[in-house]
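Here the structure comes first, spelled out in structure tokens, and everything after it is commentary.
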Amino acid sequence: MSSLNLPPLPPVGGETTGRNVVDLLAEQHRELVELSDRLAAEPDDRRLADVLIATISRHLSAEEQYLYPAIRSAVPGGEELADRELAEDHDLLVTLQRLDRGEQAATEVAEAVHRHVAADAEELLPVLTQMVSHEDLVRVGNRIETAEEAAPTRPHPGTPSTPPWNKIVDPAVAVVDKFRDVVTRRTTYSRDL
């Protein structure tokens, strides 16, 4: 049984393999930094802004649903770490709302993304790796990937940021976001740039 209260992985007949949360988030963080730096250099590129807003919104939603609860339950002092990161994420979502409205906030978003990535890479993920089994790291990574597909593509700083409510509200809000994206032909993935 998982120390993070996650269901077991399907049996694979041997050692658990797959992308763990650390590998997954490192890859996503590289993409976020690249996109935010590009937008800071090209602040009038609306398609790039839309992709960055959607990518960050999905990323933060999934972290709030699975990474921060894992930090809370497995890391000594995890409550304070998670609360601090939730406050930073909220500020980033507010800044993303400004960018979504067409305001010039690309530099602020880039700075916030760099802070977010540094906090995860230097503090959260190393302690999580020390405190949690490889199997649980893979489970959290799987949950984050799944949650991102059902996550909002626009910033919603007023929605719940902790389970269980964010696991209910975020997918519902995402349906509306994705409908709006289709109707407006909004680009939301970097592969489509």
Side-chain angles (χ1 to χ4, degrees), residues 24-68 71 80-125 144-145 147-163 165-193:
L24 174 67
L25 293 181
E27 179 183 308
Q28 291 179 357
H29 287 157
R30 281 190 296 276
E31 179 184 20
L32 291 174
V33 166
E34 178 188 321
L35 288 170
S36 64
D37 288 349
R38 276 180 59 192
L39 186 63
E42 305 169 43
D44 296 324
D45 187 335
R46 189 68 229 171
R47 285 188 70 198
L48 180 57
D50 287 342
V51 167
L52 179 61
I53 290 165
T55 304
I56 293 172
S57 295
R58 285 189 300 263
H59 175 80
L60 294 180
S61 174
E63 281 192 344
E64 289 171 357
Q65 289 180 43
Y66 292 101
L67 177 63
Y68 301 148
I71 295 290
E80 295 81 25
L81 288 173
D83 288 345
R84 185 192 69 216
E85 290 307 307
L86 284 170
E88 290 280 331
D89 290 357
H90 181 268
D91 292 345
L92 177 52
L93 288 170
V94 169
T95 306
L96 280 180
Q97 271 188 325
R98 291 183 32 235
L99 184 63
D100 197 29
R101 290 191 301 259
E103 297 178 27
Q104 291 295 324
T107 303
E108 290 173 66
V109 169
E111 290 168 358
V113 165
H114 281 270
R115 279 193 306 272
H116 172 83
V117 168
D120 280 8
E122 295 167 10
E123 195 169 4
L124 295 182
L125 297 176
I144 285 177
E145 281 187 303
E148 283 183 340
E149 289 307 312
T153 59
R154 297 172 190 267
H156 298 282
T159 60
S161 59
T162 56
W165 294 110
N166 64 346
K167 291 181 180 182
I168 296 166
V169 173
D170 280 4
V173 170
V175 170
V176 175
D177 285 354
K178 291 174 182 184
F179 178 76
R180 288 177 60 199
D181 294 341
V182 169
V183 168
T184 62
R185 296 185 175 164
R186 180 175 179 249
T187 304
T188 60
Y189 286 95
S190 57
R191 66 179 176 253
D192 298 326
L193 282 175

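Values below: all heavy atoms of this structure, side chains included; hydrogens, waters and symmetry mates excluded.
By the side-chain hydrogen bond (donor to acceptor under 3.5 Å, both in side chains) test, H90 pairs with no residue at all, sequence neighbours left out. Among residues two or more places apart in sequence or in another chain, the salt bridge (charged side-chain N to carboxylate O under 4.0 Å, His left out) test is passed with D91 by none. Applying the salt bridge (charged side-chain N to carboxylate O under 4.0 Å, His left out) test to R191 and every residue at least two apart in sequence or in another chain returns nothing. With sequence neighbours left out, the side-chain contact (heavy atoms from CB on, under 4.5 Å) criterion links A62 to I144, A147, E148. In terms of the side-chain contact (heavy atoms from CB on, under 4.5 Å) criterion, residue partners of T107 (sequence neighbours excluded) are, by chain and number, E111. Under the side-chain contact (heavy atoms from CB on, under 4.5 Å) criterion, T153 pairs with A54, R58, D177, K178, D181, R186, T188, not counting sequence neighbours. Residues passing the side-chain contact (heavy atoms from CB on, under 4.5 Å) test with E34, sequence neighbours excluded: R38. Scanning for side-chain hydrogen bond (donor to acceptor under 3.5 Å, both in side chains) contacts around E88 gives an empty result, with sequence neighbours left out. Judged as a salt bridge (charged side-chain N to carboxylate O under 4.0 Å, His left out), and not counting sequence neighbours, E80 has no contacts.
Defined by atom type and a distance below 3.5 Å, a donor-acceptor pair is missing between the side-chain atoms of T55 and E31. In summary, the side chains of D170 and H156 do not present any donor paired with an acceptor at a separation below 3.5 Å, with no hydrogens or angles considered. No side-chain N or O of Y68 forms a donor-acceptor pair with one of D83 less than 3.5 Å apart.
Annotation for R98: atom CZ counts as buried by contact number, over 12 foreign heavy atoms lying within 6.0 Å.
Counting only residues at least two apart or on different chains, the ring-ring contact (aromatic ring centres under 6.0 Å, His included) pairs with a member in residues 31-64 are H29-H59, H59-H116. Listed by first and then second residue, the ring-ring contact (aromatic ring centres under 6.0 Å, His included) pairs that reach into residues 168-193 come to none, sequence neighbours excluded.
Side-chain contact check for R154 versus Q97: every heavy-atom pair is 4.5 Å or farther apart. A heavy-atom distance below 4.5 Å is not found between the side chains of S161 and D89. A 4.5 Å side-chain heavy-atom check between V94 and P155 finds every atom pair outside the cut-off.
In plain terms, the two heavy atoms of A82 and I71 that are nearest each other are N-CG2, 4.5 Å. In terms of heavy-atom proximity, P152 sits nearest to S61 at CD-OG, 3.7 Å.
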Please tabulate, for side-chain N and O atoms in residues 39-47, each donor-acceptor pair with protein atoms closer than 3.5 Å (sequence neighbours left out).
residue: D44; atom: OD1; partner: Q104; partner atom: NE2; Å: 3.4
residue: D45; atom: OD1; partner: R47; partner atom: N; Å: 3.3
residue: D45; atom: OD1; partner: L48; partner atom: N; Å: 3.0
residue: R46; atom: NE; partner: D50; partner atom: OD1; Å: 3.2
residue: R46; atom: NH1; partner: L99; partner atom: O; Å: 3.1
residue: R46; atom: NH2; partner: D50; partner atom: OD1; Å: 3.0
residue: R47; atom: NE; partner: T187; partner atom: OG1; Å: 3.2
residue: R47; atom: NH2; partner: T187; partner atom: OG1; Å: 3.2
residue: R47; atom: NH2; partner: D192; partner atom: O; Å: 2.7

